[in-house]
Amino acid sequence: MTQKILRGRVLSFVAEPQGPEDTDSFVYHEDGALLIVDGKILAMGPFDQVAPRAPSAAVVDHRPHLLMPGFIDMHLHFPQVQVVASWGSQLLDWLNNYTFPAELSFADAGHATRMATAFYDQLTGHGTTSAMAFCSVHETSAEAYFAEAARRNMCMIGGKVMMDRNAPDGLLDSAQTGYDASKALIAKWHGQGRARYAISPRFAITSTPEQLEAAGALVAEHPECYVQTHLSENRDEIAFATSLYPEARDYLDIYEAAGLVTDKMFLGHAIHLEDREISAIAEQGAHPVFCPTSNLFLGSGLFDQGGLKARGIQSGIATDIGAGTSYSMLQTLNEGYKVMQLQGQALHPYQAFHWITRGNALTLGLAHEIGTLDAGSAADVVVLDAAATSAMALRMETAETLAEELFVLMMMGDDRAVAQTYVAGIAQK
């Protein structure tokens, strides 16, 4: 049995904050501690109460830094680590000019393995301990992704994309081979250790009706798996997708007809939605995913978080590497705040940090395992320094409240503000 105690200012959410005054939505200990035993949190509380429970445990003192649950990234692309910050173009041109050429190289197992190490280093270096990601169409890509997650004992969700048209030959499978390869990967990886599988038709443009039907068959056969795809990111994309499926009432109906829309479906972007689509998403319990840095970078549009929430829809938030411009969930909150400001919507720091921890965990149905520092949760922890840069330190001289500190972190923070990341109790940097 391995034991350790992390000491610092401890913050963990217990409910979704309803506004700036909702201090009942979180637990905060000024001199707090986490008792970690064999990768799980055994106790959280004031240091003077937790420490006597394990008098022989080593104490790692992170004071005055803030200990929070590790961040959760709901939508990004493993094979796009080397196309971040590729200049110009909107969505469809960007895919053809940058994304697809980069993804071709993931057929090579050696390259996929090297990129997996780099990808996970970036995640943990930015405080992210769990994510849902697309791999390339190649099984080698998914194997590298899951193998590296297993090596680090990380709770990760992913899947090989299924795409059988409108892409280069080296990125195409077929309805049958996409089904067969996905089914084999599910059998090998889903539920092994902390891994989960996401059935991953890339989007309607790159899948024939036959392939979406095959993806729907996988969903019916494996209801325990997640589903991830893209929806209504760009108006040209919507026009192209609906032209390929002229019988569909709208873009979402393409996925509905294939049996893909469930409460385990995650819809990247979901910016330009019709009212019927919003109603259907709410009824089925599917989850749009807000990708603010990507939406701004590609000029795609503004995600209506306030409008969707008012309809009872629970959305995720994500970096969308590599159209997204930062691996940092802090910078994702920065841009998300601005997108919401442009629409007259507010994102208070309590709500923001709940979203990238317990909120995203709730959308995944995994709040019992990740997203909080509750006893029984995995010891996935990020240690944050709100004075990490000289500019942040200058601002923090006048910060008087926890909310102000969190706002400094989300507006000015990035990987430099991450003093340490723990995955299942193991320090990552």
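Computed over heavy atoms, backbone and side chain alike; hydrogens, waters and symmetry mates excluded.
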(request) Evaluate the side chain to side chain contact (heavy atoms under 4.5 Å, CB included) criterion for residues V339 and L296: first the C-alpha distance (whole Å), next the side-chain angles of each, then the deciding distance (0.1 Å), finally the verdict. (result) CA-CA 8 Å; V339 167; L296 294 172; 3.9 Å; yes

(request) Check the pair L364, I72 against side chain to side chain contact (heavy atoms under 4.5 Å, CB included), reporting the backbone distance first and the verdict last. (result) CA-CA 10 Å; L364 291 168; I72 303 168; 4.0 Å; yes

Which donor-acceptor pairs under 3.5 Å do side chains of residues 110-117 form with protein atoms, sequence neighbours excluded?
from	atom 1	to	atom 2	distance (Å)
H111	NE2	S105	OG	3.1
T113	OG1	A109	O	2.9
T117	OG1	T113	O	3.4

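Other residues, nucleotides and ligands contribute more than 12 heavy atoms inside 6.0 Å of the CD atom of Q343. Around the CZ atom of R416, the shell of radius 6.0 Å holds no more than 12 heavy atoms that belong to other residues, nucleotides or ligands. Atom CD of E274 has 12 or fewer neighbouring heavy atoms from other residues, nucleotides or ligands inside a 6.0 Å radius.
Y197 and H190 have their aromatic ring centers separated by at least 6.0 angstrom. With ring centers used as reference points, H230 lies under 6.0 Å from F134. Between F146 and W189, the distance from one ring center to the other falls under 6.0 angstrom. Here F106 and F78 bring their ring centres to under 6.0 angstrom of each other.
Contact check for K4 versus L34: no side-chain heavy atoms found under the 4.5 Å cut-off. Inter-residue side-chain proximity for S326 and D414 is flagged as unmet; no heavy-atom pair is nearer than 4.5 Å. Looking only at side-chain heavy atoms (C-beta outward), D173 and M162 come within less than 4.5 Å of each other. Side-chain contact between T332 and I356 is absent, with no heavy-atom pair separated by less than 4.5 Å. Taking 4.5 Å as the limit, some side-chain heavy atom of Q228 sits within range of a side-chain heavy atom of M132. Using a 4.5 Å heavy-atom threshold, the side chains of L231 and Y255 count as touching. Looking only at side-chain heavy atoms (C-beta outward), N234 and Q90 come within less than 4.5 Å of each other. Between L11 and V27 the shortest side-chain heavy-atom distance does not fall below 4.5 Å.
Judged as a salt bridge (Lys or Arg N to Asp or Glu O under 4.0 Å), the pairs with a partner in residues 329-349 (not counting sequence neighbours) are, in order, E335-K338. Contacts classified as salt bridge (Lys or Arg N to Asp or Glu O under 4.0 Å) and involving residues 283-299 (residues at least two apart or in different chains) are not found. For residues 406-429, every residue pair satisfying the ring pair (Phe, Tyr, Trp, His ring centres under 6.0 Å) rule, not counting sequence neighbours, is listed here: H62-Y422, Y337-F407.
With 3.5 Å as the limit, one finds a donor-acceptor pair spanning the side chains of Y251 and E237. Between the side chains of Y327 and T128, no donor N or O sits under 3.5 Å from an acceptor N or O. Between the side chains of H269 and N295, a donor-acceptor pair is found at a separation under 3.5 Å. The closest side-chain donor-acceptor pair between Q80 and D320, if any, does not fall under 3.5 angstrom. No hydrogens or angles considered: nothing links the side chains of S174 and D164 as a donor-acceptor pair under 3.5 Å. H272 and R235 share a side-chain donor-acceptor pair at under 3.5 Å. Side chains of T363 and Q314: a donor-acceptor N/O pair is absent below 3.5 angstrom, by distance only. Between the side chains of H138 and T140, no donor-acceptor pair is found at a separation under 3.5 Å. If you check the side chains of D38 and T2, you find a donor sitting under 3.5 Å from an acceptor.
One finds a salt bridge joining R196 and E369 here, because a Lys/Arg side-chain nitrogen approaches an Asp/Glu carboxylate oxygen to under 4.0 Å. Salt bridge status for E256 with R276: present, with a side-chain N to carboxylate O gap under 4.0 Å. Salt-bridge annotation for E224 and K264: absent, with no side-chain N of the basic residue lying under 4.0 Å from a carboxylate O of the acidic one. Ion pairing of D374 with R358 is absent here, as no side-chain N (NZ or NE/NH1/NH2) approaches a carboxylate O to less than 4.0 Å.
With sequence neighbours excluded, the residues satisfying side-chain hydrogen bond (donor to acceptor under 3.5 Å, both in side chains) with E16 are K309. With sequence neighbours excluded, no residue satisfies salt bridge (charged side-chain N to carboxylate O under 4.0 Å, His left out) with D385.
Screening E221, E213, Q211 for a side-chain hydrogen bond (donor to acceptor under 3.5 Å, both in side chains) involving Y179 leaves a single residue, E221.
Scanning both residues, Q345 and G306, for their nearest heavy atoms gives OE1-N, 2.8 Å. In plain terms, the two heavy atoms of C135 and V161 that are nearest each other are O-CG1, 3.3 Å.
Between atom OG1 of residue T372 and atom CZ of residue F13 there is a gap of 11.5 Å, rounded to the nearest 0.5 Å.
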